[in-house]
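What follows is a single structure, written as structure tokens, with notes after it.
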Amino acid sequence: MKKALLLLLAIMLVGCSGEGTEKKKEADVKKEEVVKEEKVVPVKFEEVDPESKAAIEKFVKKYNVRVDIYKQDPEEGIEIAKIPDPITSELNKEENIFTQILLDTDLKKHKGHYKIDAKYNEDKKIIGYNISIEGIPATELSENGEEWAEGITSTMTIADALGLNIDKYDEESDIAFDEENYTYTDPNTKTNVTFLYADWDLGKFEIKYDLSK
């Protein structure tokens, strides 16, 4: 009986020891993952592919010019934030692409927020732009929807700065409201524009502008 108890105890100790080893391995793996994440160093804008860097700088200048034009419109003048120029924001790695925040701001007159990102491939060449908007829920909008006006104007400003056909953009945007994920190709630039409206009733939506290769 005593030998049986000692044998059982030994088996239990081995089991506990093995469990402890496995937990230690898991902890080491997690620690290694954290270290790897910490080693990801942001890329400075100066390191971007020269042609792409020039393209981004041109986009920002055109965007900011359009901001002034929309503001001065005598009928529907809307003031929105300009993208800081010169560009100093860094690129951060996200999966197989780099993203760069160009503008991250609150709406000026209403409750809400929007963010514009530039996207680069692994060679640090520009591949597109994203804008994500968060405002009040659609059910709380006034009849003219002015609470979303700044965010919508910013999306139009991006389209303008990229040389998209604005009439086509406006038309496709209306169609997209009946879809959760809708993409069309701009006839002027071959840019693929994707409207992500799955949560638009909550006041959240995103638009992607993927440049032609």
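Scope of the values below: all heavy atoms of this structure, side chains included, with no hydrogens, waters or symmetry mates.
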- Do Tyr63 and Ile158 have side-chain heavy atoms sitting under 4.5 Å apart? yes

- Query: Can you name the side chain to side chain donor-acceptor pair (under 3.5 Å) partners of Asn188, sequence neighbours left out?
  - Reply: none

- Got a second to check how far Ile87's CD1 is from Ile101's CD1, nearest 0.5 Å? 13.5 Å

- Any side-chain heavy atom of Asn64 sitting closer than 4.5 Å to one from Ile83? yes

Mind listing the side-chain donor-acceptor pairs of residues 54-61 below 3.5 Å, one per line with the distance, residues two or more places apart or on another chain?
unit_1, atom_1, unit_2, atom_2, d
Glu57, OE2, Lys53, NZ, 3.0
Lys61, NZ, Asp85, OD2, 3.2

- Task: Could you check if a side-chain atom of Tyr70 sits within less than 4.5 angstrom of a side-chain atom of Met156, using non-hydrogen atoms only?
- Result: yes

- Message: So which atom in Asn165 and which in Lys168 form the shortest heavy-atom distance, rounded to 0.1 Å?
- Response: OD1-N, 2.9 Å

Compile the donor-acceptor pairs under 3.5 Å between side chains in residues 130-138 and protein atoms, sequence neighbours left out, one pair per line.
unit_1, atom_1, unit_2, atom_2, d
Asn130, OD1, Lys119, NZ, 3.1
Asn130, ND2, Glu206, OE2, 3.1

- ring-ring contact (aromatic ring centres under 6.0 Å, His included): pairs with one or both residues in residues 83-111, sequence neighbours excluded: none

- Item | Heavy-atom check, side chain of Trp200 versus side chain of Phe195, under 4.5 Å | no

Determine all donor-acceptor pairs shorter than 3.5 Å in which one atom belongs to a side chain in residues 175-183; sequence neighbours excluded.
unit_1, atom_1, unit_2, atom_2, d
Tyr182, OH, Glu172, OE1, 2.4
Thr183, OG1, Thr194, OG1, 2.7

- Task: Given side-chain contact (heavy atoms from CB on, under 4.5 Å), test Val193 with Ile207 step by step and report yes or no.
- Result: CA-CA 7 Å; Val193 182; Ile207 302 177; 3.9 Å; yes

- Is Ile127 isolated, or which residues cluster with it under the ILVMFWY side-chain rule of less than 4.5 Å, directly or via members? Ile97

- Item | For Ala198 against Asp201, the heavy-atom pair lying closest together | O-OD1, 3.8 Å

- Message: Donor-acceptor check, side chain of Ser212 to backbone of Lys190, threshold 3.5 angstrom: yes or no?
- Response: no

- When clusters are formed by joining ILVMFWY residues with side-chain heavy atoms under 4.5 Å apart, either directly or through shared neighbours, do Leu196 and Ile152 land in the same one? no

- Message: Has Asp123 got a side-chain atom pairing as donor or acceptor with Lys125's backbone, closer than 3.5 angstrom?
- Response: no

- Query: Counting only N and O atoms by type, is there a donor-acceptor contact under 3.5 Å from the side chain of Asp49 to the main-chain atoms of Ser52?
  - Reply: yes

- State, yes or no, whether a side-chain contact exists between Tyr209 and Tyr169 at a heavy-atom distance under 4.5 Å. yes

- Residue pairs passing the salt bridge (Lys or Arg N to Asp or Glu O under 4.0 Å) test where at least one lies in residues 136-165, sequence neighbours excluded: Arg66-Asp160

- Item | Results of side chain to side chain donor-acceptor pair (under 3.5 Å) for Tyr120 - residues two or more places apart only | Gln100

- Apart from Val65 itself, its cluster of hydrophobic side chains linked below 4.5 Å comprises Ile69

- Say you draw a straight line from OG1 of Thr99 to CG of Leu102; how long is it, rounded to the nearest 0.5 Å? 10.0 Å

- Will you find, in the side chains of Asn192 and Thr185, an N or O donor that is under 3.5 Å from an N or O acceptor? yes

- Applying side-chain contact (heavy atoms from CB on, under 4.5 Å), run through Trp148 and Tyr114 and close with a yes or a no. CA-CA 10 Å; Trp148 284 8; Tyr114 63 101; over 6 Å; no

- Task: First locate atom CG of Asp186, then atom CG of Asp210, and finally report the distance between them rounded to the nearest 0.5 Å.
- Result: 12.5 Å

- Message: With a sphere of 6.0 Å drawn around NZ of Lys124, does it hold more than 12 non-hydrogen atoms of other residues, nucleotides or ligands?
- Response: yes

- Query: Which residues satisfy the side chain to side chain donor-acceptor pair (under 3.5 Å) test with Thr191, sequence neighbours excluded?
  - Reply: Thr189

- Query: How close do Ala81 and Leu103 get, heavy atom to heavy atom, and via which atoms?
  - Reply: O-CD2, 4.0 Å

- Note on the structure: salt bridge (Lys or Arg N to Asp or Glu O under 4.0 Å) pairs touching residues 104-115, sequence neighbours excluded, are Lys115-Asp117

- Item | Non-hydrogen side-chain atoms of Ile80 and Thr157 separated by less than 4.5 Å | yes

- Query: Any idea how Phe205 and Tyr197 line up, ring-wise: parallel (<30°), tilted (30 to 60°), or perpendicular (>60°)?
  - Reply: perpendicular

- Residues in side-chain contact (heavy atoms from CB on, under 4.5 Å) contact with Pro50, at least two apart in sequence or another chain: none

